[in-house]
Amino acid sequence: MKSPAGSALRPTRWDVVLAAAILLAAAVTGYLLYGNTGKSESLTAVVTRNGEEIARIPLDELEEPMELSVEGEYTNIIRAERGRVCIIDSTCPGRDCVHQGWISRPGQHLICLPNHVTVTIEGSSSSGVDAVSG
Amino acid sequence: MKRIVRIFACAAAFLLLAGCASGEKKKAEAELYAMDTVMDLTIYATNAEEALSAAQEEIYRLDGLLSYTRSDSQVSAINRGAGGAVEVPVEVMDLVSTAVAISQRTDGAFDITVAPLVQAWGFYTGEYTVPDKEALDEILPLVGSGLIRLDPGAKTVELEKTGMSIDLGGIAKGYASDVLVEMMKDRGVSSALLALAGNISAVGTKPGGDPWRVAVRDPRDGSAYVGILSVSDLTVATSGGYERYFESGGKRYHHIIDPKTGVPADSDLTSVTVISQSGTTADALSTGLFVMGMDKALALWRASKDFEAVFVTQDDRVVVTEGIADRFEFTGQSGGYAYEIASR
Amino acid sequence: MSGVTRKIALGACLTALALALSWAESLIPLTLFIPIPGFRLGLANIVTLFALYFLGRRSAWSVLTARCLLGALLAGNLTALIFSFSGGAVAMAVMTLLYRNRRLSVYGVSIAGAAGHNVGQIAAALLVLGGWAPLAYLPPLLALSVLTGALTGSVSAALFRFAPAERLFSPV
């Protein structure tokens, strides 16, 4: 049999070629997978009442602002503009939901407790956050 | 041929054993409205669905027991019977007892007897008013945990004066999360995230083994975070004036009333996040520390061993206690915050 | 000891060794530095390479299969088996094709094996998890496989020097 020294145990020129080929494959797949999608994933606001989904608003595709009125025990007026959404008015006591202001990132939500309404922006939570305290 | 059959038999045996040794983890989640707030429960376990329904039932049970607003709750019974002793289940008595202890610990900053004051400001009904000094002076004598009498032998809770009332809202969610965490552990669940409004309990780790990531909201900008905590088997609770407030005459009045003054706590903090193994402690202390202000809060932390905290100050600093700093990822730079670590 | 018995005994030792290396490397929190789920050094490949070079293809496949089955049994879950075997099988296939090639040393074979392992695992992830998300990890994993492959290759090369030269490339 062959002596191991020199043949199989020392790096050869072709090893380097192989390594370079794999790196090239990495670069190519990298470009294909990441290169084209410069825009962020499409933002959708999901409106639920009592845990049931009642509306989906594609925030990215809004040409002009729109308003959605949600009736429950109280009335919430949801205003959606390109890339962001808020609850602009409400007949609930306290109006905490109106104070929450605009949200624009996946994972964020607006809540009107008395009316059991939530507005959530869909998508994987940004920076891998599982929950928000506060 | 025979060899191949034998090989397959062995492989099959292994596969069966491997599959049986521990089933696959399933995910169960639910969003429910209880205890005056919205809750998000996420459980990863082989018995996830069962654990989830058990958890939901327990939340509704506790809500019924401890709710300030429901007239058939034990808390309402205590409040109606103010001026006399009311018999209550041991569970309620223990919780009131714990609340009183924390009240002493925070030198009265956290106090469940603050309900009549909160009522006067209109936070329960949404009809906000700014009470005048006379009105507050009349109510202040009714506030103070020293006015609660507990009789373990007779199993009674007594609010000494008529007109007193207690609200366990500042501690109930923390308590509920502790009960739920026990429940999960009893059922062998080692991966769950129980978010009871701003009170978040991380059971074990995520299915992949990484700790749960809980962000701390920026009090000034609801869509941003001042930092992200990586936690496992801990409860995170935040309190801040920004959560609930109203404006009148150009001034902002928030919902965390200082039991000693009767007005919204004039704190140098915009939010306090407490991290502890005890949800009850985290929930109550987050309110107490907010009222106490940074200096007293840090002093309490230094004298204690059972919690860590993240403070966000009025002058835009994020101060993290050193025990949790290694698990805190500061993200508040873009919000204009400075980052500090408080040492013992 | 007859040849077959020797091979069985060695195979068992190697399987145990591979399992131990696998467990040991899982203790290193690599994901802290390189946040890709499941990223590992692949030290068990050293054992696979040794089996391949010194015991032949059949023994190497047996050791791989045994290691995967036992690993899954010890971990207690089926998905572990699917992922480790898919990665291992592709790696083995690639290495089996390349190991006798005179133009490549154990370094190259190891690198190719590492790349194959990652490809196999991502393929399994696509099947098991559904969706195309796992593909996002392919580019960085491929690039990293050059590093981890070189690392395990160099450890292997150092170790192989201690083995009897005439056993190298023993017949299938």
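Every chain is numbered from 1, with letters handed out A, B, ... down the list of sequences.
Heavy atoms from other residues, nucleotides or ligands lying under 6.0 Å from CD of B/Q277 number 12 at most. Remark: A/R82 CZ is packed, more than 12 non-hydrogen atoms of other residues, nucleotides or ligands lying under 6.0 Å away. The neighbour count for A/W102 CH2, taken as heavy atoms of other residues, nucleotides or ligands under 6.0 Å away, is above 12.
Note: B/F246 CZ to A/R95 CZ = 14.0 Å, rounded to the nearest 0.5 Å. Summarising the geometry, atom CG belonging to A/D130 is positioned 12.0 Å from atom CG belonging to B/L229; distances are rounded to the nearest 0.5 Å. For the atom pair CD1 (A/I111) and OG1 (B/T37), the distance works out to 6.5 Å, reported to the nearest 0.5 Å. Residue A/S133 holds its OG atom at 13.0 Å from CD1 of B/I228, rounded to the nearest 0.5 Å.
With a threshold of 4.5 angstrom between heavy atoms, B/A30 does not approach chain A through any atom at all. For chain A, the nearby part of B/D36 is the backbone; its heavy atoms alone come within less than 4.5 Å. Within the 4.5 angstrom heavy-atom criterion, atoms from both the backbone and the side chain of B/A224 approach chain A. Contacts between A/V98 and chain B at a heavy-atom distance below 4.5 Å are absent for every atom of the residue. A/T48 touches chain B through its side chain: at least one heavy atom from C-beta onward sits under 4.5 Å away, while N, CA, C and O do not.
Side-chain contact between A/T118 and B/Y33: present, with at least one pair of heavy atoms (C-beta onward) separated by less than 4.5 Å.
For chain A, the option among B/E31, B/R244, B/E243, B/R217 with the highest count of heavy-atom pairs below 4.5 Å is B/R217. Between chain A and the residues B/V38, B/N199, B/V216, the most heavy-atom pairs under 4.5 angstrom are made by B/V38. Most heavy-atom pairs under 4.5 Å with chain A, from the set B/G126, B/P219, B/S239, B/A197: that is B/G126.
Residues A/H99 and B/Y245 share a closest heavy-atom pair of CE1-O, 3.2 Å.
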